[in-house]
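Everything numeric in this text was worked out from a predicted model, so none of it was measured.
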Amino acid sequence: AMNLSIPFAKTGLPILIGTALLTLSSHGQPDPQWMAHDRERPLPPVVTPGQPGAQTPSSTAPSDAVVLFDGNNLSQWCSIDGSPTEWKLVDGAMECVKGSGYIRTLRNFGDCQLHIEWSAPVPPEGQGQGRGNSGVFFGGTRYEIQVLDCHENTTYADGSAGSIYGQYPPLVNAALPAGEWQTYDIIFTAPRFSDCGKLISPARMTALHNGVLVQHESELTGPTAWIGRAPYSAHPSKQPISLQDHGNPVRFRNIWVRELGPASKPEFTLPDALLDRYAGAYSFDHGGPVKVTRAPDGLLELSFSGFTM
């Protein structure tokens, strides 16, 4: 991954202060710079609502959304390493191809509202976790909302459709039969870390499954996993959104996302092969040598004059 807009160190304090104010105002504390009912306070931007269409492909995204898939192509998606995906287009949906691996967005997202529609394969095959299994991940492949055919299919609670996998079961089972289109509307708040990598605030998710609330401001204990509960490790707030290949031909369509919080420049995760090409030693006529390396988290590190960034 590579953050294409790298701030200078001197901007860190305002960013941290801004983050703190955003956190306060986002969790029950009114913005202190405005009086109650202040008529000078900027009004919310006008957005054209999308039109719902769970069982028909007619639903539209809000006017301020980033459309990630509209049924025409997979141009916003790639394999985890950045290479072209092997998932396929089928009747205006994208279908998971067994063994092809997870796919992710080219663009990175932090706090966001995600809408995604999915359909488990028919006829239903398998049982438990082996039936219509996939997942929607935030933070790259860290934080999962489970996708599973849970209509008359028993499995463990925190692996059910709408669960935060391995941590929080859904409040209810709102699953429809296999073959019917189902909707997830997810509000994701990315975790925040200090400059030294200490967790400031955990990731949170609120989710609706087919319009029914199944997660309400659930605080994640760390990355989701099949076994165990790993602690948080620091990472950039903005990361790709990913979909899981669990071996079942689950289909997805009508995927859009709205970024939340202050407007910011788009960030992208570049292909591993491209980032590897940047690694090496560079020299300049009017400066010392510069070394570019791949960091353990996949980012590029620049080292020069005793500094690393």
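- Side-chain atoms of Gln239 and Arg142 form a donor-acceptor pair, as typed in the model, at a separation below 3.5 Å.
- Salt-bridge annotation for Lys98 and Asp245: absent, with no side-chain N of the basic residue lying under 4.0 Å from a carboxylate O of the acidic one.
- Nearest heavy atom pair, residue Pro121 against residue Gly132, reads CD-CA, 3.9 Å.
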Is there a salt bridge (Lys or Arg N to Asp or Glu O under 4.0 Å) between Arg104 and Asp81 once you walk through the steps? CA-CA 9 Å; Arg104 65 166 176 83; Asp81 65 2; over 6 Å; no
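- Between Phe69 atom CZ and Leu74 atom CG the span is 5.5 Å, to the nearest 0.5 Å.
- For the atom pair SG of Cys112 and CZ of Phe138, the computed distance is 5.0 Å after rounding to the nearest 0.5 Å.
- Using cut-offs of 30° and 60° on the angle between ring planes, the pair Tyr143 and His235 is tilted.
- Inter-residue side-chain proximity for Ser79 and Tyr102 is flagged as unmet; no heavy-atom pair is nearer than 4.5 Å.
- Side-chain contact annotation: Gln244 with Ser134, donor-acceptor N/O pair under 3.5 Å absent.
- Ser194 places a side-chain N or O within donor-acceptor distance of the main-chain N or O of Lys198, the cut-off being under 3.5 Å.
- Leu171 forms part of a hydrophobic cluster together with Leu208, Leu213, judged by ILVMFWY side-chain heavy-atom separations under 4.5 Å.
- In terms of heavy atoms, His209 sits closest to Ala161 at CE1-CB, 4.0 Å.
- A heavy-atom distance below 4.5 Å is found between the side chains of Leu199 and Pro191.
- In summary, the side chains of Thr269 and Asn108 do present a donor paired with an acceptor at a separation below 3.5 Å, with no hydrogens or angles considered.
- Checked for salt-bridge contact, Asp185 and Arg258 miss the test: no charged N lies under 4.0 Å from a carboxylate O.
- Between the OG1 atom in Thr183 and the CG atom in Asn210 there is a gap of 4.5 Å [rounded to 0.5 Å].
- Counting only heavy atoms from C-beta outward, the side chains of Pro124 and Asp149 approach each other to under 4.5 Å.
- With Ile255 as the partner, the side chain to side chain contact (heavy atoms under 4.5 Å, CB included) test is satisfied by one option alone out of Val67, Leu114, Thr105: Leu114.
- Remark: side-chain polar atoms of Ser242 are paired, donor with acceptor, to backbone N or O of Gly140 under 3.5 angstrom.
- The backbone N or O of Tyr165 sits nowhere less than 3.5 Å from a side-chain atom of Asp158 that would complete a donor-acceptor pair.
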Residues Met94, Trp77; criterion side-chain contact (heavy atoms from CB on, under 4.5 Å); working and verdict: CA-CA 10 Å; Met94 61 180 181; Trp77 299 84; 3.7 Å; yes
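- From Asn133, atom CG reaches atom CG of Asn248 across 6.0 Å, with rounding to the nearest 0.5 Å.
- Salt bridge Glu259/Arg107: present, at least one basic N to carboxylate O contact under 4.0 Å.
- Every residue meeting the side chain to side chain donor-acceptor pair (under 3.5 Å) condition with Asn73, not counting sequence neighbours, appears here in chain and number order: Ser75.
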Check the pair Leu176, Gln182 against side-chain contact (heavy atoms from CB on, under 4.5 Å), reporting the backbone distance first and the verdict last. CA-CA 7 Å; Leu176 298 174; Gln182 313 200 47; 3.9 Å; yes
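- Shown here for Cys150 and Asn173, the closest heavy-atom pair between the two residues is O-ND2, 3.2 Å.
- Asp276 places a side-chain heavy atom less than 4.5 Å from the side chain of Arg294.
- With respect to the salt-bridge test (charged N to carboxylate O, under 4.0 angstrom), the residues Asp70 and Arg253 do not qualify.
- The shortest non-hydrogen separation linking Thr155 to Ser160 is CG2-OG, 3.9 Å.
- Within the 4.5 Å cutoff, side-chain heavy atoms of Leu260 are placed close to those of Ile187.
- When side chains are defined from C-beta on, Asn254 does not count as touching Ile116, because their heavy atoms never get closer than 4.5 Å.
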Please step through side-chain contact (heavy atoms from CB on, under 4.5 Å) for the pair Met205 and Ile145, ending with a clear verdict. CA-CA 9 Å; Met205 288 194 200; Ile145 288 275; 3.4 Å; yes
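- Here the CD atom belonging to Glu301 is positioned 4.5 Å from the OG1 atom belonging to Thr293, to the nearest 0.5 angstrom.
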Kindly determine whether Trp256 and Val66 satisfy side-chain contact (heavy atoms from CB on, under 4.5 Å), including the steps that lead there. CA-CA 6 Å; Trp256 51 261; Val66 177; over 6 Å; no
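- The closest side-chain heavy-atom distance from Tyr184 to Val147 is below 4.5 Å.
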Take Phe109 and Phe188, measure what ring-ring contact (aromatic ring centres under 6.0 Å, His included) needs, and give me the verdict at the end. CA-CA 10 Å; Phe109 300 95; Phe188 174 73; over 10 Å; no
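- For the residue pair Ile164 and Ser218, the shortest heavy atom distance occurs at CD1-CB, 3.6 Å.
- Of all heavy-atom pairs spanning Ser83 and Cys78, the tightest one is O-CB, 3.4 Å.
- Note on Leu148 and Tyr168: separate hydrophobic clusters, where clusters join Ile, Leu, Val, Met, Phe, Trp and Tyr whose side-chain heavy atoms are under 4.5 Å apart, directly or indirectly.
- Once rounded to the nearest 0.5 Å, the distance linking OG of Ser163 with CD of Gln146 reads 5.0 Å.
- Ring geometry, Tyr232 versus Phe193: the interplanar angle exceeds 60°, so the pair is classed perpendicular (tilted spans 30 to 60°).
- Side-chain atoms of Pro249 and Cys96, non-hydrogen and from C-beta on, never get closer than 4.5 Å to each other.
- For Arg251, the side chain to side chain donor-acceptor pair (under 3.5 Å) partners are Glu95, not counting sequence neighbours.
- When only modelled atom types and interatomic distance are considered, Trp87 and Ser100 share a side-chain donor-acceptor pair under 3.5 Å.
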